[in-house]
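These notes are about the structure you will find just below.
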Amino acid sequence: MQVLRNKNMVDRTKKSSEDNFQRFKEFIDHTAVGFFYLNCRQPIDINLPVEEQIDQLFACAYIEDCNAAMASIYGFESPEAIIGLHYETLTGRTQIESDRNSFRRFIENGYQLEIEDFIPEEPQHGAQYFLVHALGFVENGCLIGIWGSRRDITAKKRGEAKSKNREFLLSSLSKYSPIGIVFVSPDSIIRRVNPAICKLWGYDEEELIGIDYKNITHPEDIAPELEQLKKAFQENLPSVYIEKRFLHKEGYPIWTTIGVALLYNDDKTLRHVVAMVVDVTARHLALQSLQESESLLKGVLKALPDLKFRVDQNGVFLDYYPPENEDDLLLPPEEFLFKTINDILPPHVSIGIRANMSKARETGRVQIFEYALSIKEELGYFEARINALNENEFIVVIRNISERKKAKRGLQEKIQELDLKNRQMQKYIDSNLQLENFAYIASHDLREPLRTMSTFAQLLQRKYADQLDEQGISYIDFITKGASNLNQLIEDLLAYSRINTSDQTKSPVDVQELLKEVNKGLAQIIQENKAVFYTKDLPTQISANPLKIKQLLQNLIANAIKFRKEDTTPYIEISARDTDTHWQFKIADNGIGIKPEFQDTIFLLFKKLHGMGDYEGTGLGLAICKKVVEQHQGEIWVESQPDEGATFYFTIKK
């Protein structure tokens with residue numbers, strides 16, 4: 001009798017352990033709560049102003065990891081569809097202000113937050129409400145990433161009592177998780193723990209933070225665990241399951257099952273490890289007897305959660321595991337159960353499944369292949385995943401990937417469209433280069449007849465001035481002045497055409513010395529107009545082409561003096577600031593200003609806002625400035641109002 005009672009007890013323990021283990025697995029992989037990890041890409045200094053931290057989050061953060069529920073919340077079929085997406089791309093531009101407010105509260109609340117969020121109302125589903133938990137991962141004074149969860153509380157908002165109870169349970173589970181969670185750095189130092197893990201190990205949080213993870217691991221399990229983690233890291237796996245023993249503070253062992261998430265940097269180096277720890281000490285002996293059924297569970301979990309079938313080595317359908325909507329089944333169960341793949345599917349599909357069944361059994365790995373199938377007079381595309389449970393049975397998972405195929409075709413069309421635009425752009429660049437070459441040649445060819453015209457006009461003036469009346473002399477003056485203006489235009493054309501053809505080598509440039517050279521070259525007009533200069537915050541040195549940067553500064557400063565107000569001393573301020581990737585220079589004056597409607601056109605060739613008699617110049621100076629700035633991978637623009645001066649900005653890449 002005692003033996004029978006012991007057997008019954010073991011059976012009950014076995015059944016309870018199996019149920020509990022299955023619930024744990026389903027919680028991790030199939031929970032309705034959306035879990036995600038938002039990678040900051042670049043560590044964000046938490047000492048920066050709040051708004052700068054938010055700007056960096058929006059500029060760089062992306063979804064590094066999530067579960068199926070998280071993907072479903074945003075209308076995607078699988079986590080893979082949103083992993084890698086920029087955060088703003090996922091949430092949409094209409095949510096930017098709301099998201100910024102949430103990030104602001106998150107930072108001000110010590111990098112943790114619990115808020116209610118919503119997706120705006122849609123015609124079919126109405127507004128969706130979520131309870132959002134966020135916890136920042138802060139290391140060495142920098143925000144590395146954000147762990148978060150989104151739980152659907154729409155039903156709660158609509159007053160359904162049953163949903164209220166379920167949401168309360170899920171909220172409690174998220175906030176007071178019974179699962180121990182520990183964050184470990186690559187050097188195995190514990191960085192963060194939750195209350196459940198402290199209770200499990202018998203330590204206070206302060207005692208655990210900063211100690212070596214191996215110090216609380218059973219000595220016999222250190223080497224096997226390190227070997228598993230090393231293999232997972234070498235294969236760049238995102239997660240691994242480990243069974244191991246920890247040592248309680250009082251010295252006794254604790255049997256656990258842990259799910260280890262390996263989070264990597266962009267260069268594939270390990271950033272940190274997150275372990276979810278479940279105490280299975282009481283069930284350890286019983287779980288050993290469940291290995292065979294556990295292999296079945298693992299086989300199902302390896303396959304994707306779509307249409308799942310259990311098939312024997314002869315291709316006979318033994319069982320099926322449908323999704324929530326059984327309408328996805330092409331046939332009623334009675335029409336395919338205990339029949340062969342050959343009886344149900346067309347030859348091109350059945351042959352493919354059988355071939356991949358053999359390969360899955362030989363390699364021990366999940367096999368994947370795609371096929372097309374006509375359903376209800378419409379061609380669909382499907383993906384089959386096949387995993388061998390043992391020598392005799394297989395799990396076959398079928399997923400409809402028709403939408404993915406359509407999206408891929410759409411992407412290919414976009415790529416072709418982009419390629420066409422690139423070719424058109426290249427044609428434009430080629431034609432622009434030809435235009436510049438023409439300007440260079442034409443300018444040289446024009447100079448000789450211009451020189452002849454100017455010379456003969458001067459000869460006429462010297463030899464026959466006493467024989468000409470006042471009108472004749474004015475004609476000669478008109479020819480001489482016209483020749484001079486045309487010569488200046490040719491000089492400017494040559495300068496513009498040389499921008500691309502001249503040496504573009506960059507070298508270290510002393511900014512103060514360069515300004516001295518510019519002022520020396522403009523000494524005459526500076527003295528004539530009594531111009532006053534003021535500089536501040538200038539970099540000591542920049543990397544640029546010294547001749548072209550000198551020409552750029554000379555043109556802008558000369559314009560600031562030229563377009564001064566009448567009876568007003570020109571006052572010119574030159575400053576700069578560091579924008580991380582560029583130096584941004586600012587040249588501000590107190591001159592006549594520029595109307596807003598002309599501020600985009602003044603950088604075009606020959607674009608003058610004043611008549612020839614008002615101000616000298618050919619309209620090429622600012623076009624040359626724009627070309628120089630673009631060659632230094634920067635931008636140039638102006639801010640101005642009439643009679644309030646003008647401020648020119650340009651950037652130079654570091």
Practice task
May I ask you to check whether Phe103 and Phe58 place their ring centres under 6.0 Å from each other?
Solution key: yes
Fill in the blank from the handout: OG (Ser102) and CD1 (Ile107) are apart, to the nearest 0.5 Å, by 11.0 Å
Practice task
Begin with the C-alpha distance, continue with both residues' side-chain angles, and end with the deciding distance and a verdict on side chain to side chain contact (heavy atoms under 4.5 Å, CB included) for Ile572 and Tyr534.
Solution key: CA-CA 6 Å; Ile572 302 162; Tyr534 175 65; over 6 Å; no
Handout entry: side chain to side chain donor-acceptor pair (under 3.5 Å) partners of Glu630, counting only residues at least two apart
Key = Lys626
Problem - Side chain proximity check, Val132 to Leu113, heavy atoms < 4.5 angstrom - result: no
Exercise for the section: May I ask you to check whether over 12 heavy atoms, not counting those of Glu108, lie within 6.0 Å of atom CD? Expected result: yes
Practice task
For side chain to side chain contact (heavy atoms under 4.5 Å, CB included), just list the numbers for Val509 and Gln541, CA-CA rounded to whole Å, side-chain angles, deciding distance to a tenth of an Å, and then say yes or no.
Solution key: CA-CA 5 Å; Val509 176; Gln541 194 177 78; 5.6 Å; no
Problem - Sub-4.5 Å side-chain heavy-atom contact between Asn545 and Gln631 - result: no
Practice task
Check the pair Leu553 / Leu514 against side chain to side chain contact (heavy atoms under 4.5 Å, CB included), numbers first and verdict last.
Solution key: CA-CA 9 Å; Leu553 291 171; Leu514 183 65; 3.7 Å; yes
Handout entry: Side chain to side chain, Phe130 and Glu116, heavy atoms closer than 4.5 Å
Key = no
Problem - Side-chain heavy atoms of Ile652 within contact of His582, under 4.5 Å - result: no
Exercise for the section: Decide yes or no on salt bridge (Lys or Arg N to Asp or Glu O under 4.0 Å) for Lys406 and Glu403, but give the supporting numbers first. Expected result: CA-CA 5 Å; Lys406 291 179 182 177; Glu403 291 301 319; 3.7 Å; yes
Exercise for the section: Measure across Lys565 and Gly591 and return the closest heavy-atom pair with its distance rounded to 0.1 Å. Expected result: CE-O, 3.2 Å
Problem - Under 3.5 Å: donor-acceptor pair, side chain of Thr579, backbone of Trp583 - result: no
Handout entry: Carboxylate-amine/guanidinium contact Asp580 Lys654, below 4.0 Å
Key = no
Problem - Pairwise distance CD1(Ile624) to NZ(Lys548) - rounded to 0.5 angstrom - result: 11.5 Å
Exercise for the section: Classify the ring geometry between His272 and Phe183 as parallel (under 30°), tilted (30 to 60°) or perpendicular (over 60°). Expected result: tilted
Problem - Side chain proximity check, Ser507 to Ser543, heavy atoms < 4.5 angstrom - result: no
Handout entry: CD1-CG distance between Ile587 and Leu552, expressed to the nearest 0.5 angstrom
Key = 6.5 Å
Practice task
Without swapping roles, check the side chain of Thr651 against the backbone of Glu635 for a donor-acceptor pair under 3.5 Å.
Solution key: yes
Exercise for the section: Report yes if some heavy atom in the side chain of Val273 is under 4.5 Å from a heavy atom in the side chain of Pro186; otherwise report no. Expected result: no
Exercise for the section: Check the pair Leu270, Tyr264 against side chain to side chain contact (heavy atoms under 4.5 Å, CB included), reporting the backbone distance first and the verdict last. Expected result: CA-CA 4 Å; Leu270 186 64; Tyr264 301 91; 4.2 Å; yes
Handout entry: Donor-acceptor pair, side chain of Ser188 and main chain of Val184, under 3.5 angstrom
Key = no
Handout entry: Interatomic spacing from CD1 in Ile209 to CD1 in Ile189 - rounded to 0.5 Å
Key = 11.0 Å
Handout entry: Backbone N/O of Ala576 and side chain of Asp537: donor-acceptor pair under 3.5 Å
Key = no
Exercise for the section: Over all heavy atoms of both residues, which pair between Ala134 and Ile146 is shortest? Give the atoms and the distance, please. Expected result: CB-CG2, 4.0 Å
Completion exercise
Nearest heavy-atom approach of Tyr37 to Gly145 is OH-CA, 3.3 Å
Show every donor-acceptor pair shorter than 3.5 Å between a side-chain atom in residues 39-55 and any protein atom, with sequence neighbours excluded, or say none if there are none.
residue, atom, partner, partner atom, Å
Asn39, OD1, Arg41, N, 2.6
Asn39, ND2, Tyr62, OH, 3.1
Asn39, ND2, Glu64, OE1, 2.3
Arg41, NE, Cys60, O, 3.2
Asp45, OD1, Asn47, N, 2.9
Asp45, OD1, Asn47, ND2, 3.4
Glu51, OE1, Arg100, NH2, 3.1
Glu51, OE1, Arg104, NH2, 3.4
Glu51, OE2, Arg104, NE, 2.7
Glu51, OE2, Arg104, NH2, 3.2
Gln53, OE1, Tyr111, OH, 2.7
Gln53, NE2, Ile46, O, 3.1
Gln53, NE2, Leu48, O, 2.8
Gln53, NE2, Tyr111, OH, 3.4
Asp55, OD1, Arg100, NH1, 3.2
Asp55, OD1, Arg100, NH2, 3.0

Problem - Side chain proximity check, Glu573 to Thr535, heavy atoms < 4.5 angstrom - result: no
Could you go through residues 641-650 and list every donor-acceptor pair under 3.5 Å that involves a side-chain atom there, pairing it with any protein atom two or more places apart or in another chain?
none

Fill in the blank from the handout: Residues Ile594 and Val638: closest non-hydrogen pair is CD1-CG2, 4.2 Å
Handout entry: Donor-acceptor contact below 3.5 Å, side chain His632 vs main chain Val628
Key = yes
Handout entry: Shortest non-hydrogen separation from Pro79 to Asn67 and the atoms involved
Key = CG-C, 3.6 Å
Exercise for the section: Report yes if some heavy atom in the side chain of Phe106 is under 4.5 Å from a heavy atom in the side chain of Leu143; otherwise report no. Expected result: yes
Problem - Short N-O contact, Glu513 and Lys516, less than 4.0 angstrom - result: yes
Problem - Heavy-atom pair with the smallest gap, counting every atom of Phe585 and Leu538 - result: CE2-CD2, 4.1 Å
Handout entry: Any donor-acceptor N/O pair, Asn109 side chain to Arg105 backbone, under 3.5 Å
Key = no
Exercise for the section: Look only at the side chain of Asn265 and the backbone of Asp267, and say whether a donor-acceptor pair between them is shorter than 3.5 Å. Expected result: no
Problem - Interatomic spacing from OG in Ser78 to CD1 in Ile401 - rounded to 0.5 Å - result: 11.5 Å
Exercise for the section: Enter the distance from Lys562:NZ to Ile592:CD1 here, rounded to the nearest 0.5 Å. Expected result: 10.5 Å
